[in-house]
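Let me begin by presenting the structure, written as structure tokens, before commenting on it.
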Amino acid sequence: FDRTKTREEIYAIDTPPPTVSGSLHVGHVFSYTHTDVVARFRRMRGKEVFYPIGWDDNGLATERRVQNYFGVRCDPSLPFDPTFDLDRLDRPDDGAVPVSRPNFIQLCERLTAQDEKAFEELFRRLGLSVDWTQTYTTIDEHSRRASQRAFLRLLDRGLAYTVEAPTMWDVDFRTAVAQAEIEDREIEGTYHHVRFDRADGKGTVEIETSRPELIPACVALVANPSDERYSSLVGKIVLTPLFGAEVPVVAHELADPEKGTGLAMICTFGDITDVTWWRELRLPAHVVVQRDGTIAPSRWGEKGWDSSDPEGATRAQNEIAGLPAKKARRKIAELLDASGHLVGEPEPVRHVVKFYEKGERPLEVVASRQWFVKTMDLKEELLERGRELRWHPAYMGARYTSWVEGLNGDWCVSRQRFFGVPFPVWYPVRADGSIDHEHPLAPPESALPIDPSSDVPDGFTEDQRGAPGGFVGDPDVMDTWGTSSLSPQIAARWEEDEDLFTRLFPMDLRPQAHDIIRTWLFYTVLKAHLEHGTLPWWNAAISGWVLDPDRKKMSKSKGNVVTPIDVLERYGADAVRYWSASARLGVDTAFKDEQIKIGRRLAIKILNASRFVLSFEAPEGAIADPLDRSMLRRLAEVVEEATRALEDYDNARALELAERFFWGFTDDYLELVKSRAYGSNGPEPAGSAISALRLALDTLLRLFAPFLPYVTEEVWSWWRRGSIHRTPWPGTDALEAAAADADPLAYEVAAWVLGEVRRTKALAKVSLKTQVERVVVADSPERLTVLAGAERDLREAGNVRELVTVEGDDPSVEVVLPRA
RNA sequence: GGGCGCGUAGCUCAGUGGGAGAGCGCUCGCCUCACACGCGAGAGGCCGCAGGUUCGAAACCCGCCGCGCCCACCA
């Protein structure tokens with residue numbers, strides 16, 4: 001990359017950093033080819049292309065892989081051990097060796113270096129023209145510094161804040177998760193009809209719930225204010241069954257009269273609606289689900305846990321304490337049945353429940369202290385950024401819009417994991433030993449990156465860690481998107497090389513797949529908006545997925561993953577690239593061997609046709625023949641259209657145009673001029689053909705170069721100096737000049753007549769060599785005139801003795817074969 | 001429930017107001033001096049359904065059906 005070029009001369013790409021702990025996948029060759037075609041095209045158009053490559057080695061995938069591979073586990077409470085040596089570890093027989101976070105990061109870098117090699121090998125083989133000197137990893141020092149700097153600036157401006165609040169929580173990973181990482185799954189559940197007794201003894205009410213184990217967390221019942229069935233009940237008190245807590249019946253718009261009995265139980269917390277009700281109706285909290293997903297022991301009788309029957313409540317609670325939600329549910333159902341509060345039989349249902357995308361059990365809502373980045377106040381601005389961005393294809397913008405519109409809370413960026421970029425803050429410890437979360441201690445930017453578990457804030461010493469009057473480090477790490485959302489800034493060396501940064505940012509292109517619009521794309525837009533007040537790039541090119549031949553998404557668990565190296569070995573990189581580039585942006589594409597074979601055939605055809613064209617020795621001559629000129633005129637149109645398509649990120653269309661012309665070129669034009677090029681009509685007509693052939697070949701090779709870099713470079717090396725990938729993209733000037741006054745019809749009409757001759761021979765089941773006695777062409781005067789210019793070529797190509805033309809309204813070709 | 005995309009030959013797909021197409025597969029023929037990893041040709045389609053606009057609709061509008069995806073606070 002030539003960094004002396006100005007922003008206008010540069011085309012900058014925010015290359016996706018692949019997750020190196022994942023496996024190689026044909027999806028990689030697919031979407032990365034889309035980007036490489038763009039890069040090669042822009043380069044030939046004269047742009048200085050900034051095309052970096054990063055490796056995403058930050059996050060859960062790496063954490064798990066490093067753990068398993070080395071037999072260690074990250075323990076941020078440990079200090080950095082500079083003498084750490086894997087080979088001299090005392091390994092406990094029963095588990096993993098705890099290591100500090102800085103040591104864990106070193107192991108990660110060591111392991112991912114191997115994974116990166118595998119990716120690099122694949123990418124080089126595929127012919128990706130990325131700049132191997134512009135690399136980064138998402139856990140390296142530079143990326144950590146950028147992530148922490150961005151965070152501290154948000155903190156400074158009050159855009160990042162910490163608060164203790166209910167958030168979505170995965171009980172297996174034991175971490176908070178963000179809305180963007182949540183997915184719906186349909187699972188088996190059970191509806192229970194449960195009776196609540198009124199505290200005044202004037203009857204009972206019924207609710208329906210799929211989570212009876214949360215009855216001890218029930219703090220109210222709720223009905224819609226317009227629901228007349230319950231209008232007299234609102235304001236009254238009911239007793240929770242089994243636990244005897246006195247809870248009010250309240251009214252709220254979100255209660256749906258259509259659901260269940262129209263009366264719902266508000267628990268702290270069963271789902272996000274509960275959180276809304278709890279907050280807006282200012283209800284107390286009775287939290288019973290613990291961070292590991294089990295039910296907490298009884299607190300009945302304590303302050304805030306009033307019950308009309310504390311002993312009974314405690315007994316009931318102790319029946320379920322320590323049980324995971326599912327088991328507790330069955331137990332509570334039994335208890336309700338025994339106490340007569342269960343109405344009828346529980347009904348099995350299939351219902352939609354929220355899961356962490358990597359998780360195995362439904363998410364719980366757990367109150368915990370987390371870091372958030374403000375997004376809710378910015379919805380309108382973010383929607384405007386989405387409109388400002390040029391989406392390819394345009395309809396993908398709708399996914400961004402619906403995501404932003406549906407945001408229901410600020411971005412929860414903290415994770416209770418061990419590996420990742422730590423929050424660069426400490427908290428003062430008060431004299432009583434409690435932690436003052438309201439006044440975090442931040443390091444100066446010049447000190448970044450830091451690890452608060454090993455580093456010490458200014459004005460403190462290590463022995464004050466955790467001590468009254470001392471400090472503690474923030475134990476959490478950032479969401480993996482907290483780092484990758486800065487990929488343009490990281491690659492462009494934000495704040496570390498301002499000269500470079502201003503030449504690159506905002507970038508031109510973000511290529512990625514559609515499944516991470518709500519995460520990677522959204523967070524990148526958000527960060528750039530907050531920090532720089534601009535989009536991070538002007539274009540987003542969204543690739544589809546690769547599906548298996550049965551149109552199912554490929555995944556390791558389904559065992560239908562195709563290994564890209566195998567495919568490259570079998571068909572060659574050009575063939576695989578052809579298949580990828582043939583798919584339009586945004587469209588999910590099935591992987592089929594047959595489709596890849598077509599690309600291989602094209603590449604081989606280019607090789608053979610080129611060998612043929614270049615087999616004719618110069619001298620070249622002036623391009624004077626009307627057929628030659630006509631062909632070049634048509635080629636100029638193709639160049640123009642293909643260029644327009646590529647400018648508009650429509651790779652598939654450009655490839656299709658070049659390919660269609662090329663097949664006609666070999667099937668018709670080469671056959672038509674072959675004899676003349678051999679000199680059947682003397683040196684000057686031959687020179688015209690040879691010159692036209694070479695000009696067309698030169699143009700076609702460059703048209704194909706972004707798609708088929710290997711075969712085009714090979715042929716280029718036969719007769720030209722330097723790399724084809726450094727030559728300019730073909731323009732129309734040379735073609736127009738050579739075509740001069742040509743009528744584009746000549747090529748078309750000649751090819752049509754030749755086709756008719758071939759058809760007649762094929763239907764007669766004779767060899768194409770067979771001589772034709774006479775061909776009679778009936779057509780309009782205009783077409784007959786241009787045909788006349790190609791008569792000799794046509795007769796030689798079709799081995800036609802006599803060509804007769806007649807004017808007629810109904811175009812036809814009569815082919816007279818000799819009698820058998 | 002809302003939104004987006006898709007529905008064209010056996011398969012994969014292109015085609016957006018005026019002749020229904022490509023490649024693969026299938027069938028037939030051809031060792032034609034670039035290519036048998038090739039060449040030539042053929043068969044094969046109520047363009048999802050039903051209305052409307054238009055002189056004219058695969059395309060534009062309305063409705064419906066089917067498939068896929070995205071989003072949503074379904075107790």
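Throughout, a chain's letter reflects where its sequence line sits, starting with A, and its residues are numbered from 1.
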### Task
Might you work through the side-chain contact (heavy atoms from CB on, under 4.5 Å) test for A:T268 and A:L283, ending with a clear yes or no?
CA-CA 9 Å; A:T268 52; A:L283 297 165; 5.8 Å; no

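Minimum atom distance to the side chain of A:K592 is reached by B:C11, of the listed B:C39, B:C11, B:A75. For A:H351, taking side-chain heavy atoms from C-beta onward, the closest of the listed nucleotides B:A75, B:C4, B:A72 is B:A75. In the set B:C73, B:C39, B:C71, B:C39 carries the atom at the smallest distance from any side-chain atom of A:L768. The nucleotide whose nearest atom lies closest to any side-chain atom of A:S210 is, among B:A75, B:G23, B:C71, B:A75. Side-chain proximity of A:L763 to the nucleotides B:A72, B:U32, B:G42 is greatest for B:G42. If you check B:A75, B:U32, B:A34 against the side chain of A:K769, the one that comes closest is B:U32. Out of B:G40, B:C71, B:C30, the shortest distance to the side chain of A:R758 is found at B:G40. Here B:C70 is the nucleotide among B:C71, B:C70, B:G40 with the atom lying nearest to any side-chain atom of A:R399.
With a 4.5 Å cut-off on side-chain heavy atoms, A:V352 and A:R185 do not count as touching.
Residue A:D271 is out of contact with every strand shown, counting any heavy-atom pair closer than 4.0 Å. Within the nucleic acid shown, A:D274 has no heavy atom closer than 4.0 Å to any nucleic acid atom. Across all strands shown, A:A255 has heavy atoms under 4.0 Å from base atoms, whether or not it also approaches the sugar-phosphate. Within 4.0 Å of A:T276, counting heavy atoms only, lies no atom of the nucleic acid at all. Counting any heavy atom pair closer than 4.0 Å across all strands shown, A:R660 reaches no nucleic acid atom. Looking at heavy-atom distances under 4.0 Å, A:W277 makes contact with a base.
When the nearest nucleotides of RNA chain B are assigned to A:Y678 and A:K765 by heavy-atom distance, the more 5′-ward of the two goes with A:K765. Heavy-atom distances to RNA chain B give each of A:A762 and A:L670 a nearest nucleotide, and the one nearer the 5′ end belongs to A:L670.
Searching all strands for a Watson-Crick or G-U wobble partner of B:C30 with both distances below 3.5 Å returns B:G38. Here B:C60 sits opposite B:G52 as a Watson-Crick or G-U wobble pair (both hydrogen-bonding atom distances under 3.5 Å). In this structure, B:C6 and B:G66 make a Watson-Crick or G-U wobble pair, each of the two defining distances being under 3.5 angstrom. B:A22 is paired with B:U12 under the criterion used here, namely a Watson-Crick or G-U wobble arrangement in which both key atom distances are under 3.5 Å. B:G45 is unpaired under the Watson-Crick or G-U wobble criterion, no partner having all donor-acceptor distances under 3.5 Å. Across every strand in view, B:G1 sits in a pair with B:C71 that passes the Watson-Crick or G-U test at under 3.5 angstrom.
Comparing B:A59 with B:G48, their P atoms sit 8 Å apart, to the nearest whole Å. Remark: the separation of the P atoms in B:G15 and B:A72 is 32 Å, to the nearest Å. With P as the reference atom, B:G7 and B:A58 are 15 Å apart, rounded to whole Å. Taking atom C1' on both B:A57 and B:G19, the two are 14 Å apart, rounded to the nearest angstrom. One C1' atom belongs to B:G66, the other to B:G29, and the distance between them is 42 Å to the nearest Å. Using atom P as the reference point in both B:G63 and B:C26, the two lie 44 Å apart (nearest Å). Between B:U8 and B:G45, the distance separating the two P atoms is 15 Å to the nearest Å. Rounded to whole Å, the C1' atom of B:U16 lies 15 Å from the corresponding atom of B:C6.
For B:G42, one of the phosphate oxygens OP1 or OP2 lies less than 4.0 angstrom from a side-chain nitrogen or oxygen of A:R759. Using a 4.0 Å cut-off, some side-chain N or O of A:R584 falls inside it from OP1 or OP2 of B:G15. Note on A:Q179: a side-chain N or O is less than 4.0 Å away from OP1 or OP2 of B:A72. For the OP1/OP2 pair of B:C69 and a distance below 4.0 Å, the side-chain nitrogens and oxygens of A:H514 include no atom meeting the criterion. Remark: A:Y191 is in phosphate contact with B:A75, judged by side-chain N or O atoms under 4.0 Å from OP1 or OP2.
A salt bridge does not link A:K354 with A:D271: none of the charged nitrogens is closer than 4.0 Å to a carboxylate oxygen.
Here B:U12 presents its C1' atom at 9 Å from CD of A:E594, a figure rounded to the nearest Å. Rounded to an integer number of Å, the gap from CG of A:L585 to P of B:G5 is 16 Å. Between A:M396 atom CE and B:C70 atom P there is a gap of 10 Å when expressed in whole angstrom units. Taking atom CG of residue A:D667 and atom C1' of nucleotide B:A41, one finds them 12 Å apart after rounding to whole Å. Across the protein-nucleic acid pair, A:I690 atom CD1 and B:A34 atom C1' stand 14 Å apart, rounded to whole Å. As rounded to whole Å, 19 Å separates atom P of B:A22 from atom CZ of A:F662. The OH-C1' distance, from A:Y400 to B:C71, rounds to 15 Å in whole Å.
Taking the six-membered ring for Trp and the full ring otherwise, A:F30 and A:F591 have centroids separated by 6.0 Å or more. Aromatic ring centroids of A:F372 and A:W411 lie 6.0 Å or more apart.
Using modelled atom types, no side-chain atom of A:S675 and backbone atom of A:S680 make a donor-acceptor pair closer than 3.5 Å. In this structure a side-chain-to-backbone donor-acceptor pair under 3.5 Å is missing from A:D227 to A:P257. In this structure, A:R518 contributes its side chain and A:W403 its backbone to no donor-acceptor pair below 3.5 Å. Panel note: side chain A:D410, backbone A:T375; a donor-acceptor pair is recorded below 3.5 Å.
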Under 3.5 Å between N/O atoms: give me all the protein pairs with nucleotides 35-37 of chain B, atom names plus distance.
{"unit_1": "B:C35", "atom_1": "O2'", "unit_2": "A:N608", "atom_2": "ND2", "d": "3.1"}
{"unit_1": "B:C35", "atom_1": "O2", "unit_2": "A:K605", "atom_2": "NZ", "d": "3.0"}
{"unit_1": "B:C35", "atom_1": "N3", "unit_2": "A:K605", "atom_2": "NZ", "d": "3.0"}

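Geometric assessment of A:R600 against the ring of A:W579 yields a negative cation-pi assignment under the 6.0 Å and 45° thresholds.
Ring geometry, A:F522 versus A:Y400: the interplanar angle falls from 30° to 60°, so the pair is classed tilted.
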